[in-house]
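Position 1 is the first residue of the sequence; numbering continues from there.
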Amino acid sequence: MSSVTVVGTQWGDEGKGKIVDWLSERADIIVRFQGGHNAGHTLVIDGETYKLRLLPSGIVRKNKLAVIASGVVIDPQALLEEIDELQARDIAISPQNLVIAENAALILPLHRLIEQHQERTSGSGIGTTLRGIGPAYADRAARRGLRLCDLADKDYLRTRIRSLLEHHTPLLNAANFPLPSVQELAEPLEQAAARLLPFAQPVWRLFENRRHAHILFEGAQGIHLDLDHGTFPYVTSSQTLPAQAACSSGVAAARLGFVLGITKSYTTRVGLGPFPSEQNNAMGERLGARGNEFGTVTQRKRRCGWFDAVLVRQAGIVGGIDGIALTKMDVLDDFDEIKVCTEYRIDGETWTRLPPHPFLQARCEPVFETMEGWRASTKGARRWADLPAQAIKYVRRIEELIARPVTMLSTSPKREDVILVRDPFA
């Protein structure tokens, strides 16, 4: 058995969907191990574009098993809508090719109300997607949340909902939100149960029984949105590091295999939070326009800036990254000069890491190294020989600065346009 664990090394949106899809051809099982339907992966296969939110990228391929592990929080209606969308496009989805962890936590409509209230009352807010993901994770941590297996017993389900409502009623009343009844929350879940429960399994046992399978673990967001190691409080509500794949799936950490960090050739971020290398100017607008930087799920415009080597080097250390897949090289094709952030200055002092304190993060001044652009097309390149010399020089400099090798290089949204240095499954 060999495995590959894929994570983002920045703030998400690094192009994981294409790389995961490319790798899924070599895998038997593809596992989504954290996050919710706030994170999207875009796949382009044979000219067809698929935008996935909860389903693992392997679901669009035949003879693959897709798994949603217990670290994912599931909105039942959103998941069923996504299944229906794909089935309408002749993608077969059944318990034979999709498994959902029986202990995965559920998102209820009241979680969206709670998140709306939290964003409205927390000053500047965090910039969440308002899909109820944070409150669902909070209820899980507080041991009052619902899980997929709860749908199997109507009486138990309604008891759990009643307890959940009792806890959240004071907040909902204070926010002047209409208070849902137990029946209003229970009935959609009871209807969804008939369709979702056939997918439910103990995924830890599935992996134990398939010890020789090639497994691809697929993360959402990026390492700097991790609840522990990200730019807190401007982070997601789950652990995004590779180790979470083991916790969520019930496999030994030693089975995570090669850890591949997906890394954009520049830097983007959605929502609020620190961004030292951001170009809040015409250059940032140019990067965003060339890179079509809008969120897959939310269509929110992404903030853009130059490559931040400090950020990615730190992600490589805390994530145990073995190699990176560098994406969207073609976006930089038309620039005379390209900059790379090599360190920060805070009040005149040099920093080679991103500090954890928001008040220090806000004072980070990027130190840029300027490189000559290549002013030639890299789009669609599939061999090193197809790249301009300056583009290769840029890649080599990134490798030096982040102390990690580039094992894959993506040169367009098409899945075939990849330069492979090392097959992570080899």
Side-chain contact test, heavy atoms from C-beta onward, threshold under 4.5 Å: evaluate it for Phe307 versus Gln10 and give yes or no.
-> yes
Gap separating the CD atom of Glu102 from the CZ atom of Arg147, nearest 0.5 angstrom | 8.0 Å
Partner residues of Arg112 under the side chain to side chain donor-acceptor pair (under 3.5 Å) criterion, sequence neighbours left out | Asp75
Please test Asp28 against Arg210 for salt bridge (Lys or Arg N to Asp or Glu O under 4.0 Å), starting from the C-alpha separation and ending with a verdict.
-> CA-CA 10 Å; Asp28 302 309; Arg210 301 197 184 194; over 6 Å; no
Between atom NZ of Lys264 and atom CG of Leu332, what is the distance when rounded to the nearest 0.5 Å?
-> 11.0 Å
Kindly indicate whether the side chain of Ile68, heavy atoms from C-beta on, has any atom under 4.5 Å from the side chain of Leu79.
-> yes
Step by step, would you call Asp330 with Arg290 a salt bridge (Lys or Arg N to Asp or Glu O under 4.0 Å)?
-> CA-CA 9 Å; Asp330 55 301; Arg290 285 187 58 82; over 6 Å; no
Are Glu400 and Arg397 close enough, and set up right, to give a salt bridge (Lys or Arg N to Asp or Glu O under 4.0 Å), and what steps lead you there?
-> CA-CA 5 Å; Glu400 292 174 357; Arg397 183 58 178 148; 2.8 Å; yes
Is a donor on one side and an acceptor on the other found under 3.5 Å between the side chain of Ser70 and the backbone of Ser248?
-> yes
Going by atom types alone, do Gln361 and Tyr234 pair a side-chain donor with an acceptor below 3.5 Å?
-> no
Does a side-chain heavy-atom distance below 4.5 Å link Asn292 with Val331?
-> no
Ile59/Tyr50 under side-chain contact (heavy atoms from CB on, under 4.5 Å): CA gap, chis, key distance, verdict = CA-CA 11 Å; Ile59 197 68; Tyr50 301 91; over 6 Å; no
Kindly determine whether Ile93 and Leu55 satisfy side-chain contact (heavy atoms from CB on, under 4.5 Å), including the steps that lead there.
-> CA-CA 10 Å; Ile93 301 176; Leu55 292 170; 4.1 Å; yes
Could you tell me whether a side-chain N or O of Glu14 sits under 3.5 Å from a main-chain N or O of Gly12, the two making a donor and an acceptor?
-> yes
Pairwise side-chain contact, Val395 with Met329, heavy-atom cut-off 4.5 Å (strictly under) | yes
Flag the pair Asp417 and Arg382 as a salt bridge only when some basic side-chain nitrogen lies within less than 4.0 angstrom of an acidic carboxylate oxygen.
-> yes
Taken in chain and number order and not counting sequence neighbours, the residues that satisfy ring pair (Phe, Tyr, Trp, His ring centres under 6.0 Å) with Tyr394 are Trp374
Quiz: residues 309-316 side-chain donor-acceptor pairs under 3.5 angstrom, not counting sequence neighbours:
residue: Arg313; atom: NH1; partner: Leu401; partner atom: O; Å: 2.8
residue: Arg313; atom: NH2; partner: Thr352; partner atom: O; Å: 3.4
residue: Gln314; atom: OE1; partner: Leu354; partner atom: N; Å: 2.8

Asp333 and Thr378: side-chain donor and acceptor closer than 3.5 Å?
-> yes
Phe275 meets the ring pair (Phe, Tyr, Trp, His ring centres under 6.0 Å) criterion, sequence neighbours left out, with Trp11
Would you say Lys328's side chain and Gly15's backbone share a donor-acceptor pair under 3.5 angstrom?
-> no
Any donor and acceptor pair, going by atom type alone, linking the side chain of Gln221 with main-chain N or O of Thr240 inside 3.5 Å?
-> no
Please assess Thr350 against Arg345 for the test side chain to side chain donor-acceptor pair (under 3.5 Å), listing each intermediate value before the final yes or no.
-> CA-CA 5 Å; Thr350 297; Arg345 294 276 171 79; 3.1 Å; yes
Please answer whether the main-chain N or O of Gly36 pairs with a side-chain N or O of Arg32 as donor and acceptor at a distance below 3.5 Å.
-> yes
At what distance, to the nearest 0.5 angstrom, does CD of Glu81 lie from CZ of Arg53?
-> 7.5 Å
Note, Ser3 side chain near Phe217 side chain (heavy atom, < 4.5 Å) = yes
Considering only heavy atoms from C-beta outward, does the side chain of Val421 approach that of Pro405 to under 4.5 Å?
-> no
Verify side chain to side chain donor-acceptor pair (under 3.5 Å) between Lys18 and Ser410, making sure each step is shown before the conclusion.
-> CA-CA 9 Å; Lys18 169 191 168 171; Ser410 171; 2.7 Å; yes
Regarding Glu218 and Ser57, is there a side-chain donor-to-acceptor distance under 3.5 Å anywhere?
-> yes
For Asn281, enumerate each residue passing the side chain to side chain donor-acceptor pair (under 3.5 Å) test, keeping only those at least two apart in sequence or located in another chain.
-> Gln279
Is the shortest heavy-atom distance from the side chain of Arg61 to the side chain of Asp21 under 4.5 Å?
-> yes
Determine the interplanar angle of the His168 and His111 rings, folded into 0 to 90°, and report it as parallel if under 30°, tilted if 30 to 60°, perpendicular if over 60°.
-> perpendicular
Report yes or no: does Arg404 contribute a side-chain atom to a donor-acceptor pair with the main-chain N or O of Ile321 at less than 3.5 Å?
-> yes
side-chain contact (heavy atoms from CB on, under 4.5 Å) partners for Ser163, two or more places apart = none
